[in-house]
Amino acid sequence: MGLEIMDDVRKDSVRNRISEGYREGDREFREYREISIERDVAMKAEGSARVKIGNTDVLVGVKLDLGEPFSDSPAVGVIITNAELVPLASPEFESGPPNENSIQLARVVDRGIRGSETVDLEKLCIVEGEKVWIMFIDIHVLDNGGNLVDAAALGAITALQNARVPNERYGLTGDDTLSVRDTPLAVTMVEIEGNILVDPDCNEENAATSRLTVISNADGSLSGLQKSGSDSMTEETILEMVEIGIEKAGEIREKFLKTPS
Amino acid sequence: MGLEIMDDVRKDSVRNRISEGYREGDREFREYREISIERDVAMKAEGSARVKIGNTDVLVGVKLDLGEPFSDSPAVGVIITNAELVPLASPEFESGPPNENSIQLARVVDRGIRGSETVDLEKLCIVEGEKVWIMFIDIHVLDNGGNLVDAAALGAITALQNARVPNERYGLTGDDTLSVRDTPLAVTMVEIEGNILVDPDCNEENAATSRLTVISNADGSLSGLQKSGSDSMTEETILEMVEIGIEKAGEIREKFLKTPS
Amino acid sequence: MGLEIMDDVRKDSVRNRISEGYREGDREFREYREISIERDVAMKAEGSARVKIGNTDVLVGVKLDLGEPFSDSPAVGVIITNAELVPLASPEFESGPPNENSIQLARVVDRGIRGSETVDLEKLCIVEGEKVWIMFIDIHVLDNGGNLVDAAALGAITALQNARVPNERYGLTGDDTLSVRDTPLAVTMVEIEGNILVDPDCNEENAATSRLTVISNADGSLSGLQKSGSDSMTEETILEMVEIGIEKAGEIREKFLKTPS
Amino acid sequence: MKKGEEIEFIKDGKRVDGRTFDELRNIKIEVGVLERADGSCYLELGDNKVIAAVYGPREMHPRHAQDAKMAVIKFRYNMAPFSVDDRKRPGPDRRSVEISKVSREAFEPVIMREYYPKAAIEVYVEILQSDAGTRTAGINAASVALADAGIPMKDLVSSIAVGKVGGEVVLDLNAVEDNYGEADMPIAMIARKNMITALQMDGRLTKDEFGRGLKLAMNACHQIYELQRTALIERYNKRESVKFEEREA
Amino acid sequence: MKKGEEIEFIKDGKRVDGRTFDELRNIKIEVGVLERADGSCYLELGDNKVIAAVYGPREMHPRHAQDAKMAVIKFRYNMAPFSVDDRKRPGPDRRSVEISKVSREAFEPVIMREYYPKAAIEVYVEILQSDAGTRTAGINAASVALADAGIPMKDLVSSIAVGKVGGEVVLDLNAVEDNYGEADMPIAMIARKNMITALQMDGRLTKDEFGRGLKLAMNACHQIYELQRTALIERYNKRESVKFEEREA
Amino acid sequence: MKKGEEIEFIKDGKRVDGRTFDELRNIKIEVGVLERADGSCYLELGDNKVIAAVYGPREMHPRHAQDAKMAVIKFRYNMAPFSVDDRKRPGPDRRSVEISKVSREAFEPVIMREYYPKAAIEVYVEILQSDAGTRTAGINAASVALADAGIPMKDLVSSIAVGKVGGEVVLDLNAVEDNYGEADMPIAMIARKNMITALQMDGRLTKDEFGRGLKLAMNACHQIYELQRTALIERYNKRESVKFEEREA
């Protein structure tokens, strides 16, 4: 509470530097921090990946459990995406049930996977109307250095690409391959002092008053958008951000992801 | 908190006026505010009604879902009555799980419907021991001008009278008519300065220290009583209130409700 | 809050008396307060016991419900041990969901029953993979005079020894006898001013900085240990406490419990 | 019991357990049964077993719920998981929330709340064994526990239910009667003043049956009041004699 | 509808309900429909029925959540249990938490929050009947309710969704279209300034479709703005004439 | 594994994974792995992977839970949903609440809590991959993270479990051993003083086995202490050399 002044000072400092064309760590405005991906980091998961973008550190695990389909869609499996902002990851996170930030994070990542129809849900059906795979995509944030959503989306698609169907553990036979048909990637941008910045760190997130996440697919189409934050945006800014988002996603895709077969 | 004095002033003012024989809006002590009923206001509900009593505005929806019967009563359907005092309806209502007021409201309305055996629960059984209709009666308060329970009970019976069994939506055949056999109605009274007042508005509710709700049926019998509030009552007052309650319910029934067939 | 000083005074007073070799009620350091057991106190339970140790008063009820086995152990019943520290029992207890103290209490008692394999879980299976008995052991504390765990463990084993399988209530046939094969008993000790005290009352619990509960069986083996509290212990103290715990449990077992057949 | 089986609830003017229409079940009251509570009472009403404890007046938490003019009464009715045939999940359900509210309001007219502004007076009732009528048993026990705790009250509160079974209005239904009963109506009353502090009704009653039932319940509350009073006097005498012995010793 | 059944979503340039691609459903707005709230609005958008209420500015609880520099906006989007085909369990779910957040942020750019430090401005939206587009209907109603409550705002916020169905980008999907639609994109906008305050997208759109959809939605927001403004003027006139009559009487 | 299948847990004095009775699994410790936390540690114990973070001392919330005389330690042990075979529902369960309590108490004897009245020192342990022994791995990681955060402590705490499998008392059970083990006993210890700060036991042990197991665990804690110390020294040296390089630059 007594530190609110410090918070303002920090915001102003970020804004001033940005308006002088300077960004922490000498980054370009449209440059990501260093990205690294570690695969299969959680052997109890069907698939997993740990993604670091700068100081941001996110672990995503994919688990498949047996369950019943929804009554209005008896022939397809179920995806449940969940995010935990555990207090280990940031002085601002608190223990407790999911809040609007963790819910939004999970739902935006989920939206990209659904919108792109990345997972073939029909292949997750075992017995129509009775038994399907419930796929849990769990986003576990370890260090919040800003831009969680891009790290989580990249972690989710990487974990999916490495996941196997655990037929054996459940006494089932069949192909263990999970059908992963697209590579939706999130690219988040903020606008500070009239400049569009890609991949904001946490100081930039605080200094910016609004943010746009653009999720795009291998073919350059969009499979999700989410504006957040307390300020408005012009049509032009949004169109430009969509352009940049698709381009940046392409670069990351090329560098880090397998091409879906 | 700082407004507690205003609260006392308002209570005193109501009491003074009542003791002079005067009631807000020139109402008689035993007179209801204007009642209006709108039927079938929520097309996704099997039956619905919006009831206004003065400024009080309550929406009741009846939904039927398929479910399993309780193991100790395999041949009958289930009624679940629920009330939400959403913060939209009053500056005193707060978001959150049901509190003692919303629980009491729901349970008193429920009691009237059960006690009078208004709904033929056996007709809600589809396959004994396996499949029955679960009937949800949801009371959604929109504006709390006082005397929620009478509005809710009137809304519930009206919604029931207009409800249809959604056989088609669930791929079932059979008669869509819901058997509604009685018309329990709640009449709530307070005692202020020695006077019995019917249908208290919210200022009168605050000024009164106790309240009695009398639920009565088409044949003049009782199917529910609930005293609430922090003061005691004499036997005579209670007997008189029961008398008035039955009479007033008769008037409302005549004016607004279909006669059960 | 303002009473924290009183709390310190009380702790010091206990410690001083202990260091002078004196204990409330002229008890020996290794002496239990008076123990009394009342059996079958709750007729709706399959088995029950009310145990008093000094002012501590604990009621334990055993209930059996039908349910499904866990998928990874289809041929055995399920034990669920639960403790409620209802606010009736102490000025320090609060309403609300289980906290770390009630959870620890339940889990330590549970551990003794499991570790000793007191209940033959295979006999609680009715139809493998489909229907088993779910045994609830509910610890209901009525008066917290200190050392709840010993009273709860003694109550649990006594209630188990008196419990019957409610076949008839569920329309089943078969032997109503519950197979109870051992008699795990908890003995709790604290160390105050270098002295080991058995069965601490609540003032002693407050004055002590750590506590050890030793659960032992009819054959003198251990089936549970739990250290709690904010201070450390030496190996020697622990070994001595284990010795004392086994001995004291033997005395209580002899005096109060049936020998398992 | 299966449908179609008929129970004869009334035979030769007697009920299934041999009681007459206006007869209470056995009542047993013990005062001061708990050590930690400021006041307590164990009560049996037929096969119901309940225990009540009172704490306070003490500081009300959380502070924003304090009343600057008077004490807040908290009342928590709770069933032990093993007090009923099918194990009850711990924690409050809708039924117990409503009973707690009605029970609290049954005491608000008698407790001198204005003596203790900002304070809380807490009443806890645990149902250990239930057999119909637990809320009335709980109110009766709470009343005695409040007196035992020395909470200033204008008077004791006494409580009982009447019901309708086999077509007759009868006093104090037991579980068998309650399961097949046509109506149930618990009341609470300041017996010495004939002032009713709680009233609920379930089921179906004619106006005439209601009037007769109310009378029946009110009469019974006077009997219960005497039992409560006697238990408190005994407790008081015992305490006095203990004090006397202590002085002598 | 079973799988395999084909709906022809676009026929002769018209949609299933006869609308053209850029046509809104009927919109009905009533201002000041609730007594207790400081401001309120009932709104129908096709078969959606929503009601919005505003309370405040008033003291923010709990205190530790106050903002010393400006008012905190609370926004609660809630569905009545009977507003959807399968009864919705009461209380917030993940979807409504996200919608509440996005809706709140749609108003943060326009409300003069700095006028009321430490205060709360509370917006409650209840969905009474849903038919796709409830969040945009809720934002439109909330905007009018905020004005009705006299909350100082830079401007009104207007909201609508565009979607893709049968291969075409169309305005304001109804429930049938939405269930089988390929994409849905709700936006909120300060119409008079063409500033976008909320934007979400589900499904799949090409960049070109996105651009066209955004335009379509922005145009429609101008229409909605006019309807909101008209409803507020009517309300204001009615109030004034009531005042006039009162003065005359 | 099906019933009836027999595992030979001990063969020629070796265990299923080739270890001797008193042999630890591989331990890997990395200090200062997180940026936002005040101190942190990543630790592997065999196939267990855990990460610990420490925040504080900082203001304790809520205020009424502050201790006027010393810092309050919060300890939260949490399993990632994908850290176990069957996905774990997020949020605390009874097991993790108990482990959090026991782990917190393992540190209360060493942290200089009286230096920071009214403050909170918060320790968060996340289990990323579990293979029996997660609580001891978590305590070991937390101990290092506390040192990394500069929290004043009398000494480090080290932790390990012993168990009984195939009739033998052995050190540090892995998951296969634990699933079929006869007993499991985790301890925590101030290794340099041989003071035990946590002790639990599940299963069945004779008094003699208990004594031997305790010895085995205490000896292993000394080994773990050395590994913790080495990791901290390396971290310190690295920091110093970074500082040195900065000065040079």
Give a yes or no on whether [X] atom [atom1] has more than 12 heavy-atom contacts from other residues, nucleotides or ligands under 6.0 Å away.
X: C/K123; atom1: NZ; answer: no
X: C/R30; atom1: CZ; answer: yes
X: C/E117; atom1: CD; answer: no
X: C/E94; atom1: CD; answer: no

* **Side-chain (F/E105) to main-chain (C/G229) donor-acceptor, under 3.5 angstrom** =>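 Indeed, once roles are kept as given, a pair shorter than 3.5 Å links the two residues.
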* **Donor-acceptor under 3.5 Å (C/R111 side chain, F/D202 main chain)** =>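 No, the answer is negative, given that no donor and acceptor are paired below the 3.5 Å cut-off.
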Check whether any side-chain heavy atom of [X] lies under 4.5 Å from a side-chain heavy atom of [Y], and answer yes or no.
X: F/K101; Y: C/N101; value: yes
X: C/R107; Y: F/Q200; value: no
X: F/L199; Y: C/L212; value: yes
X: F/R94; Y: C/N82; value: yes
X: F/S100; Y: C/E100; value: no
X: C/E235; Y: F/N194; value: no

So, for [X] and [Y], which heavy atoms are closest and what is the spacing to 0.1 Å?
X: F/P109; Y: C/S232; value: CG-N, 3.8 Å
X: C/K227; Y: F/T197; value: NZ-O, 3.1 Å
X: F/R204; Y: C/S116; value: NH1-O, 2.9 Å

[X] versus chain C, the contacting section by heavy-atom distance below 4.5 Å:
X: F/M189; answer: neither
X: F/L214; answer: side chain
X: F/R95; answer: both

* Choice from F/K215, F/M185, F/K193 maximising heavy atom contacts with chain C below 4.5 Å ->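 When all of F/K215, F/M185, F/K193 are compared, F/K215 has the most.
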* Considering only heavy atoms, which portion of C/D182 lies under 4.5 Å from any heavy atom of chain F: side chain, backbone, both, or neither? ->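 When you check distances to chain F, only side chain atoms of C/D182 fall under 4.5 Å.
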Roughly how far, to the nearest 0.5 Å, is the [atom2] atom of [Y] from the [atom1] atom of [X]?
X: C/I238; Y: F/I196; atom1: CD1; atom2: CD1; value: 3.5 Å
X: F/D86; Y: C/D72; atom1: CG; atom2: CG; value: 7.0 Å
X: F/M70; Y: C/S230; atom1: CE; atom2: OG; value: 7.5 Å

* **Choice from C/N217, C/T213, C/I246, C/L239 maximising heavy atom contacts with chain F below 4.5 Å** =>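 Most pairs with chain F among the choices: C/N217.
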* To do: For side chain to side chain contact (heavy atoms under 4.5 Å, CB included), just list the numbers for C/V214 and F/K207, CA-CA rounded to whole Å, side-chain angles, deciding distance to a tenth of an Å, and then say yes or no.
  => CA-CA 11 Å; C/V214 175; F/K207 192 169 67 179; over 6 Å; no
